[in-house]
Amino acid sequence: MQARCDMVAIMFSVIGVYIAVRWKSDKKIFWSVPLFLLALFTKQTAVVGVGAVCLYLLVTTGKYF
């Protein structure tokens with residue numbers, strides 16, 4: 001029963017990270033925010049995806065947004 005909750009949260013996080021990395025210089029990056037919120041509401045430990053995107057943007061562009 002617990003695996004379904006984890007897999008849904010991981011799916012939302014992975015899709016959010018993909019959208020953020022794919023369109024980092026476009027305004028479409030904000031489409032990843034609802035996915036990260038869905039992942040967070042599904043499982044509270046899914047906040048790691050947001051941290052990964054922030055770290056990626058910090059390393060590649062030197063700023064968050």
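- No single ILVMFWY cluster, assembled from side-chain heavy atoms under 4.5 Å apart, contains both V48 and M7.
- Connection of F30 to L57 is established within a shared hydrophobic cluster, with ILVMFWY side chains joined at heavy-atom distances below 4.5 Å, either directly or through further cluster members.
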Name every donor-acceptor pair, under 3.5 Å, that has one atom in a side chain of residues 10-23 and the other anywhere in the protein, sequence neighbours excluded.
residue: S13; atom: OG; partner: A9; partner atom: O; Å: 3.2

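- If you chain together hydrophobic residues whose side chains sit under 4.5 Å apart, L35 and L40 never meet in one group.
- At least one side-chain heavy atom of F36 sits under 4.5 Å from a side-chain heavy atom of V53.
- The OG1 atom of T42 sits 10.0 Å away from the CG atom of D6 when rounded to the nearest 0.5 Å.
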